[in-house]
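All remarks here apply to the structure that follows.
This structure is a prediction, so every number in the text was calculated from the model and none was measured.
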Protein chains: 2
Amino acid sequence: MSRKRITSKELAELVGVSSATISRAFSPDARIGEETRSRILAAARKYGYQPNAIARSLNNQRSRLVAVVVNAIGNPCEAEEQQLLVHALQARQLLPIILCCGDHSDRLQLMRLAATYQVDHVVIFSDMVSLRDAVDIFPTTKPIIVSFEPLDNEDVSAIRIDGSAAADEIVDRLATNGKSRFTYLSGTSSSWIDKLRRKWFADALARRGLAFVADATGTYSYDSGFKEAVPLVHRFKTDAIICGNDVMAIGARDAVKRVLGKSVPEDVAVVGQDGIAMAAWDCNDLTTLSLDHVAFINAVVELIERHQAGDDKPDTITLTCSTRWGATA
Amino acid sequence: MSRKRITSKELAELVGVSSATISRAFSPDARIGEETRSRILAAARKYGYQPNAIARSLNNQRSRLVAVVVNAIGNPCEAEEQQLLVHALQARQLLPIILCCGDHSDRLQLMRLAATYQVDHVVIFSDMVSLRDAVDIFPTTKPIIVSFEPLDNEDVSAIRIDGSAAADEIVDRLATNGKSRFTYLSGTSSSWIDKLRRKWFADALARRGLAFVADATGTYSYDSGFKEAVPLVHRFKTDAIICGNDVMAIGARDAVKRVLGKSVPEDVAVVGQDGIAMAAWDCNDLTTLSLDHVAFINAVVELIERHQAGDDKPDTITLTCSTRWGATA
DNA sequence: TCCTTATGTGTACACGTTTACACAACATGA
DNA sequence: TCATGTTGTGTAAACGTGTACACATAAGGA
């Protein structure tokens, strides 16, 4: 019984006006008689007419679609930002198209597909896609990158995140508590975000004449944190594990306690990164280098709004991380 | 420097053919000379031409967009399904538009906005939108509903989930272990999904001459599980809390252990629902009524594929839940 | 009275594709 | 030889909007 959607020309016929007038009834600041408009809106409600956004986009050269490039949806470490962003977009009548690039075989093709939909903005959270590819695939839409290092490309806007001060704070407290055999558990081997996060801590250690005694690499997942922590403790006698994100930190803590039978933080301290909600749960109470997710998304939205308003001047906003002190370090 | 995107007519000019031939070069089974096609594809690569999907959608009456209506992105209880679905869609060259309806002030308007984009399919995970509204807003696109109760509308396809057998199993074991003062912690007061989940357990209890001694209502969140569990134990002396989802179960368990100082499951058993990955983490090891997420999404994708192929006959697929036995019950 | 200006509406085209139709060139079979 | 079919390509219309332009009407000022 699914009746076809009514078109502006058909509605015009029914109301007794031209299709142009229908269009005017739906744009707030168009020259149209007050009486005509209300007659049209009433008829639209009656017949279930809604302007076709696809046709409008083709005409306008504005789709009001936003490509959001992420690694995964499920992983809590990105989920909070995604949720905030989607809400902010929806409040502005923009629709998000999510691209999961994390384990997708051909990220570039996926991004090209999204590009054919003439998205108005591109937000890149994923560290799996290079800046170079992004501007290549979206030549007309300047992407907004979530960056952890200075960009050499002046055509893109970016949010830069600086955790060096917080890392320094954390290392300071750990060293004061007698820790000396620091190790780093990466989330991935290929990401420059991960490399820079490590560098914040490595620099803080260096300032005190210390260095990581060992490194391991996981997959940003609980299981990988659990598994990789074991040799760090066993073979390298670490007494402080810095993890690439909070989920791995929880995994590492579980391994230290359950598999190795050691206490946290007395025997081995565990530090996370991200500051996700779960870190504050009573059963976790994680010490973590945390980012203010709200400020972060506000910055992204700010850039999008400027871009939407036609301001093509790219800009970079820098945010500073803070520390959440928990029971694990 | 963002050069404008090249159009099919312009490319035609460059290659020396008509724009129709350009189009043919991009559709696999069109009548076109092999030599011409490769010449066009080479030129397309050279000038960065990609067909405009918006224009194609307008012409085709097929957008290859899929509206995915969810409560929230962040909440782990839905995230796994979302991730699987998005991947399946991307593999089929379909793009998901996520609609977060959970705490959105005007869900209906949000859905109407998506409807104007002429989405090909609609998948409704959220229990916050009624079937009636959905078919109303997407009259031309038959929605696929994740349903927990028999549908009275023959125009929609649905996945139905049946957890009664698993609930029976769980109640059986708890009763055998001497539990008798069961309580239910809902995730929301307004959802019929939640009501049906509760009914699975209520029926299982009834079969043994038992009934819930008290009810509480949270918000599907850790914090609400933590908070609502306290009075259930204190005032109602419950010895078995059935929770609306896993996250609340983790919160409830924490409250029982840390705030009330009781042991789980000896003093109070805690049961979750969903079977999310986190439930299996060493620190949680939750007993939970769990759904096979892969089978679930496979069913959704199956319905989408049929619909995409032009099969308009609605169908209902039923899935049965199983039990994950952990250390909390 | 006429000129000017504001207001409301219709006409026609553009946005970038896809595709039905027509047609030319060429091959095939009798 | 001609009728028939196949192949490759161009022409033109359609998809459903938004909007520049033209125009008719009404209002206001001299």
With respect to the phosphate group of C:dG16, does any side-chain polar atom (N or O) of A:Tyr117 fall under 4.0 Å of OP1 or OP2?
-> no
What is the nucleic acid contact for A:Thr7, judged by heavy atoms within less than 4.0 Å: base, sugar-phosphate only, or nothing?
-> sugar-phosphate
Testing C:dT9, D:dG10, C:dT19 for proximity to the side chain of A:Arg24, the answer is C:dT9
May I ask you to say what B:Gln118 touches in the nucleic acid, namely base, sugar-phosphate or nothing, with a heavy-atom cut-off under 4.0 Å?
-> nothing
Whole angstrom value for the distance that separates P of D:dT17 from CZ of A:Arg56 | 9 Å
With respect to the side chain of A:Ala20, which nucleotide from C:dT11, D:dT17, C:dG16 is positioned closest?
-> C:dT11
In whole Å, what is the span from the CZ atom of B:Phe26 to the P atom of C:dT18?
-> 9 Å
Reckon A:Thr21 touches a base, only the sugar-phosphate, or nothing at all at heavy-atom distances under 4.0 Å?
-> sugar-phosphate
Rounded to the nearest angstrom, tell me the gap between atom NZ in A:Lys9 and atom C1' in C:dT11.
-> 11 Å
For the side chain of B:Pro51, counting heavy atoms from C-beta on, which of C:dT17, D:dT9, D:dG16 is nearest?
-> C:dT17
To the nearest angstrom, the CG-P distance between B:Asn60 and C:dT18 comes to 7 Å
With side chain to side chain contact (heavy atoms under 4.5 Å, CB included) as the test, would you mind laying out the steps for B:Leu95 and B:Leu89 before giving the verdict?
-> CA-CA 6 Å; B:Leu95 287 182; B:Leu89 293 177; over 6 Å; no
Please give, in whole Å, the distance from D:dT17 P to A:Ile22 CD1?
-> 9 Å
Among the nucleotides C:dT19, D:dT17, C:dG16, whichever has the atom closest to the side chain of A:Asn52 is D:dT17
Using heavy atoms and a sub-4.0 Å distance, could you list which residues of residues 27-43 of chain B are near DNA chain D? By number, please.
-> B:Arg31, B:Ile32, B:Gly33, B:Thr36
Would A:Asn71 and A:Ser126 count as having a side-chain donor-acceptor pair, cut-off 3.5 Å?
-> yes
Report the distance from atom CG of B:Leu41 to atom OH of B:Tyr49, rounding to the nearest 0.5 Å.
-> 11.0 Å
Nucleotide D:dA13, atom C1' - distance to CD of B:Gln61 in whole Å | 14 Å
Between A:Leu58 (CG) and C:dT17 (P), how many Å, whole number?
-> 9 Å
The reported gap from CZ in A:Arg107 to CG in A:Asp133 (rounded to nearest 0.5 angstrom) is 10.0 Å
Are A:Glu81 and A:Leu291 close enough, and set up right, to give a side chain to side chain contact (heavy atoms under 4.5 Å, CB included), and what steps lead you there?
-> CA-CA 10 Å; A:Glu81 272 114 14; A:Leu291 178 62; 3.9 Å; yes
Identify whether any heavy atom of A:Ser18 sits under 4.0 Å from a base atom; if not, whether one sits that close to sugar-phosphate; answer base, sugar-phosphate or nothing.
-> base
A:Asn59 atom CG is separated from D:dG18 atom C1', nearest whole Å, by 4 Å
Is the shortest side-chain N to carboxylate O distance from B:Glu13 to B:Lys9 below 4.0 Å?
-> no
I would like to know whether A:Val68 and A:Phe125 meet side chain to side chain contact (heavy atoms under 4.5 Å, CB included); could you show each step before the answer?
-> CA-CA 7 Å; A:Val68 181; A:Phe125 283 126; 4.0 Å; yes
